[in-house]
Amino acid sequence: MSATAVSAAKPLTRPEMAARVARDIPEGWYVNLGIGIPTAVADHVPVEREVVFHSENGVLGMGPAPAKDAVDPWLINAGKQYVTLRDGGSFCHHADSFAMIRGGHLDLCVLGAFQVAENGDIANWATSENDTAPAVGGAMDLAAGAKRLWVMMEHTTKDGAPKLVRRCTYPLTAVGAVKRIYTNLAVIDVTPLGFVVRDMAPGLTFEELQARTEATLHVPG
Amino acid sequence: MSATAVSAAKPLTRPEMAARVARDIPEGWYVNLGIGIPTAVADHVPVEREVVFHSENGVLGMGPAPAKDAVDPWLINAGKQYVTLRDGGSFCHHADSFAMIRGGHLDLCVLGAFQVAENGDIANWATSENDTAPAVGGAMDLAAGAKRLWVMMEHTTKDGAPKLVRRCTYPLTAVGAVKRIYTNLAVIDVTPLGFVVRDMAPGLTFEELQARTEATLHVPG
Amino acid sequence: MIDKTVRTMAEAMAGIQDGATVLVGGFGAVGQPNALIDGLIEQGAKDLVIAANNAGVGHTGLARLMELGRVRKIICSFPRSSDPVVFETLYRAGRIELEIVPQGTLAERMHAAGAGIPLFFTATGAGTKMAVGKETREIDGRTYVAETSLPGDVALIEAWEGDRWGNLTFRKSGRNFNPVMAMAAKLTIVQTQHLRALGEIDPDHVHTPGIFVDRVLHVPYGDPSGF
Amino acid sequence: MIDKTVRTMAEAMAGIQDGATVLVGGFGAVGQPNALIDGLIEQGAKDLVIAANNAGVGHTGLARLMELGRVRKIICSFPRSSDPVVFETLYRAGRIELEIVPQGTLAERMHAAGAGIPLFFTATGAGTKMAVGKETREIDGRTYVAETSLPGDVALIEAWEGDRWGNLTFRKSGRNFNPVMAMAAKLTIVQTQHLRALGEIDPDHVHTPGIFVDRVLHVPYGDPSGF
């Protein structure tokens with residue numbers, strides 16, 4: 001089945017994906033959003049639902065991006081974008097910030113990924129074993145340390161290659177860490193059985209989803 | 001030779017011992033004074049010579065004891081005595097305070113001891129292998145962590161038994177850690193050769209000092 | 001709205017289980033969560049493991065908890081206090097276990113628990129009774145002892161200021177073990193002298209961020225006194 | 001009188017040796033000791049090992065130091081920046097060594113150096129390329145990787161406030177690696193935006209106490225800009 005066979009389906013846009021993830025984050029959680037696609041999730045959490053966003057560079061309690069004329073040059077996130085701080089936010093140094101991550105204090109981390117395997121392995125930092133100077137940043141700490149790791153990514157590569165795979169072929173970020181995957185086509189849990197489909201884009205059939213996924217998909221038991 | 005043979009000698013009083021130690025502490029050193037005899041050393045460092053005194057419970061830059069009517073109930077040292085803080089002092093938590101100790105940031109620690117051996121071993125926390133509930137506090141951290149460990153103690157026990165010994169018989173606090181010993185009778189360096197006498201109480205002979213010391217004493221080479 | 005403040009001691013103590021490991025802040029009388037210790041006495045949990053710097057003074061607080069037979073084991077650096085009669089009586093009678101830990105190792109073991117480090121090496125205690133039965137290793141010519149992290153089920157903390165997100169500051173030598181224990185426990189319960197509105201504590205001056213705190217009880221008891 | 005302030009950049013940089021390991025604070029442009037990096041360029045030490053989060057941007061600062069051939073090796077978590085052209089050119093030409101370290105492991109390795117911990121175990125990197133050639137250990141059913149401390153000969157630090165004893169505060173996200181690096185180096189050199197009189201910084205609000213600081217240079221450069 002080719003990519004064009006997904007005819008009746010309406011894949012989620014990036015903002016729709018972000019909103020879908022945001023919907024599942026309850027009030028009170030401490031959350032780190034990875035650089036890239038996941039960053040947009042924060043914009044879809046209503047301000048009255050207090051979720052505490054963490055950034056690796058020692059910022060806890062980030063608020064939305066500032067207005068252009070209200071930028072604080074001393075306040076950036078791990079993606080080196082200007083951010084704001086909510087009332088109740090605080091600053092700390094890098095070792096304390098990563099103690100939050102590595103000590104299991106974050107309820108959730110959302111990362112982008114190149115590949116996720118059905119055993120929960122994630123590959124998100126290098127696209128080849130021979131990458132000359134791969135940039136890992138805090139991804140390995142986040143993947144290994146957070147209470148829950150969710151991945152947010154396109155379901156396939158631009159070329160249509162599956163990103164939900166039996167075994168990762170790219171260098172791993174962490175082993176058996178991913179709990180759930182949000183793609184433009186589906187929400188999929190990683191369980192001891194493998195991938196279990198929780199939700200699908202409107203108009204998409206299970207068969208169409210399977211056709212775009214290397215590993216076997218399961219329906220909730 | 002019995003204890004009474006030290007006839008012409010004038011052993012140092014406690015305040016004289018404290019003053020003798022204080023004389024050897026240069027401006028700018030970060031210093032932890034152990035609970036007990038060493039605590040008095042601070043009183044003999046002239047206030048214009050800036051020495052930064054550290055206490056295990058997160059106090060850096062202690063000043064002298066407060067006047068009775070100026071006690072701050074929130075400010076105690078590791079001996080649980082009220083103290084003051086100098087300008088330039090600061091507070092931190094216990095792990096950071098012991099990072100200063102264990103990370104080798106203190107120039108000097110002065111501890112009391114039951115025994116010091118000629119190889120620099122120190123025993124200062126328990127008087128028997130069978131001590132039911134010995135209290136170690138921060139002594140092992142200080143002995144192992146400071147750049148220099150000096151010991152300040154009476155030269156012998158009340159019964160006249162030597163405290164400068166060939167090998168410690170009491171449980172050790174640290175191995176090979178002591179650099180110098182200040183007693184009421186002498187100042188003695190611990191060197192690869194063993195004990196080397198640097199200074200003696202007025203009127204005391206080398207032979208008299210040796211008679212009160214189990215290990216062999218050496219003269220500076 | 002995130003609101004970690006609780007109104008009653010019963011709420012503060014809810015769910016502490018028999019057999020729990022409880023980390024108790026304070027050094028001397030300063031920064032000691034006396035109200036919470038009394039709350040724990042009232043609450044009734046037993047067979048407890050207590051980690052604290054000391055093993056109780058007189059017949060109140062931790063000493064009272066021990067005297068009631070509720071403490072199976074104490075982990076501390078300095079069981080001797082100005083008046084350790086309860087601990088010493090129980091200990092001689094073989095009715096309480098004792099684990100002596102050098103003070104810095106005690107602090108670092110809890111810091112490690114909070115930071116996701118299950119095992120680390122330290123020079124403290126090498127060549128002494130503290131190293132008996134423990135793994136040791138030569139690194140660059142020096143001997144180090146392996147120490148494991150010390151996580152708590154519960155931490156009882158005394159703060160100077162707190163807010164509804166659980167952000168805390170401490171006062172002078174009242175900081176001591178409190179921030180480290182807050183990191184190390186699954187359930188961190190705080191008594192605070194002052195309850196602040198959210199945003200009132202300067203974000204550059206928060207000592208313990210709310211991520212390490214679960215419950216905040218306002219206990220404006222005033223100055224510490226006695227040891 | 002203890003006076004760690006220095007008047008000139010030459011004084012600040014005195015004694016930095018060829019072959020030194022230099023820890024450089026900052027994350028993005030915030031908290032980055034740009035003046036000190038320029039001072040190091042001027043000072044001339046070579047064959048340096050640099051530990052920093054990034055591997056330089058454009059052709060200034062760290063990138064300039066590398067371009068001058070003065071850096072033998074860089075230890076960082078994220079060599080890719082918005083404009084890493086100098087690093088990438090040197091790296092492809094085999095003219096610079098690279099040690100990639102997960103960002104949290106990088107911070108903790110320096111914290112460990114400052115705290116007297118030569119070796120610790122972490123779950124970060126277990127089962128990945130980061131663990132290749134490293135000791136691993138199963139603890140309570142999970143795999144951990146042994147990591148060594150990362151001490152510096154020199155740390156270059158950017159602070160918001162400093163005083164003559166070397167006490168420092170940092171501003172917002174300018175704190176980042178700075179306090180950790182200050183602990184980890186034998187010679188810690190600070191550029192501070194504001195020089196305060198002794199006692200002016202609240203002792204409860206000191207972020208880095210002077211014990212971790214050797215030299216303080218007043219550099220009131222204003223706000224960070226660009227990345």
Side-chain angles (χ1 to χ4, degrees), chain A residues 35 55-60 62 71-85 89-104 119 121-123 125-126 129 131-145 168 170-177, chain D residues 25 27-31 53-55 76-82 84 87-88 91-92 98 100-112 114-115 122-130 142-143 160 170-183 207-208 222-225 227:
Chain A
I35 296 169
S55 187
E56 293 94 304
N57 57 326
V59 187
L60 188 65
M62 276 188 298
V71 162
D72 180 339
W74 293 89
L75 183 41
I76 62 171
N77 65 12
K80 291 158 193 174
Q81 299 163 308
Y82 293 116
V83 292
T84 54
L85 194 77
S90 61
F91 301 106
C92 64
H93 66 55
H94 243 82
D96 281 349
S97 179
F98 276 87
M100 294 177 194
I101 295 171
R102 294 152 62 108
N119 65 353
D121 289 358
I122 172 174
W125 69 294
E129 288 293 342
D131 192 342
T132 48
V136 70
M140 287 192 180
D141 308 287
L142 287 161
C168 293
Y170 292 159
L172 295 185
T173 307
V175 171
Chain D
F27 187 91
V30 187
N53 192 60
N54 291 69
C76 70
S77 84
F78 209 84
R80 294 208 174 104
S81 65
S82 53
F87 168 75
E88 297 210 334
Y91 189 71
R92 272 195 299 268
L98 172 67
I100 292 275
V101 182
Q103 200 171 128
T105 298
L106 185 62
E108 193 61 41
R109 285 178 64 192
M110 292 188 287
H111 181 264
T122 175
T124 296
T128 77
K129 282 172 75 168
M130 293 296 172
R142 195 164 186 200
T143 305
W160 179 246
F170 303 93
R171 185 173 173 79
K172 301 188 182 178
S173 67
R175 202 179 313 183
N176 59 67
F177 281 98
N178 284 302
V180 183
M181 290 174 168
M183 288 175 69
H207 292 143
T208 289
D223 289 335
S225 62
F227 299 109

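First the proteins, then the strands, lettered A, B, ... as listed; each starts at 1. Small disclaimer: the values here were computed from a predicted structure and weren't measured. Heavy-atom basis, side chains included; hydrogens, waters and symmetry copies ignored.
- Between Arg142(D) and Ala144(A), the shortest heavy-atom contact is NH2-O, 2.7 Å.
- Looking at Ala95(A), the atoms closer than 4.5 Å to chain D (heavy atoms on both sides) sit in the backbone and in the side chain alike.
- Of the listed residues Lys172(D), Met110(D), Lys129(D), His111(D), the one with more heavy-atom pairs under 4.5 angstrom with chain A than any other is Lys172(D).
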> Going through the distances and angles, do Met130(D) and Trp125(A) end up as a side-chain contact (heavy atoms from CB on, under 4.5 Å)?
Replying inline: CA-CA 12 Å; Met130(D) 293 296 172; Trp125(A) 69 294; 3.7 Å; yes

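- Residue Glu56(A) holds its CD atom at 10.0 Å from CZ of Phe78(D), rounded to the nearest 0.5 Å.
- In this structure, NE2 in His93(A) is found 7.0 Å from CE in Met183(D), a value given to the nearest 0.5 Å.
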> Going through the checks in order, is the side-chain contact (heavy atoms from CB on, under 4.5 Å) test met by His94(A) and Met181(D)?
Replying inline: CA-CA 10 Å; His94(A) 243 82; Met181(D) 290 174 168; over 6 Å; no

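- The distance from atom OG of Ser97(A) to atom CZ of Phe27(D), rounded to the nearest 0.5 Å, is 9.0 Å.
- Looking only at heavy-atom pairs under 4.5 Å with chain D, the residue among Gly145(A), Gly138(A), Gly137(A) that has the most is Gly137(A).
- Using the six-membered ring where Trp is involved, Trp160(D) and Trp74(A) have ring planes that are perpendicular, over 60° apart on the 30 and 60° scheme.
- Of the two parts of Ser90(A), neither the backbone nor the side chain holds a non-hydrogen atom closer than 4.5 Å to a non-hydrogen atom of chain D.
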> Could you walk me through whether Thr105(D) and Arg102(A) pass the side-chain contact (heavy atoms from CB on, under 4.5 Å) check?
Replying inline: CA-CA 9 Å; Thr105(D) 298; Arg102(A) 294 152 62 108; 2.9 Å; yes

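- Looking at Ala78(A), both its backbone and its side chain come within 4.5 Å of chain D, counting heavy atoms on both sides.
- A donor-acceptor distance shorter than 3.5 angstrom exists from the side chain of Asp141(A) to the backbone of Gly104(D), with no hydrogens or angles considered.
- Contact count versus chain D (heavy atoms, under 4.5 Å) is highest, among Leu85(A), Leu75(A), Val136(A), for Val136(A).
- For Asn77(A), the part lying under 4.5 angstrom from a heavy atom of chain D is the backbone only.
- The CG atom of Asn54(D) sits 3.5 Å away from atom NZ of Lys80(A), with the distance rounded to the nearest 0.5 Å.
- Taking chain D as the reference chain and counting heavy-atom pairs below 4.5 Å, the highest number among Val83(A), Asp72(A), Ile101(A) is found for Asp72(A).
- The side-chain heavy atoms of Arg175(D) and Asp96(A), taken from C-beta on, include no pair separated by under 4.5 Å.
- The line from OG1 of Thr128(D) to CD1 of Ile122(A) is 12.0 Å long, rounded to the nearest 0.5 Å.
- Annotation: the span from Ser173(D) atom OG to Asn57(A) atom CG amounts to 5.5 Å, rounded to 0.5 Å.
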>> Please determine whether side-chain contact (heavy atoms from CB on, under 4.5 Å) holds for the pair Phe98(A) and Gln103(D), giving the CA-CA distance in whole Å, both sets of side-chain angles, and the decisive distance to 0.1 Å.
In response: CA-CA 8 Å; Phe98(A) 276 87; Gln103(D) 200 171 128; 3.6 Å; yes

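- For Phe87(D), the part lying under 4.5 angstrom from a heavy atom of chain A is the side chain only.
- The shortest heavy-atom contact between Pro73(A) and Pro224(D) is O-CG, 3.3 Å.
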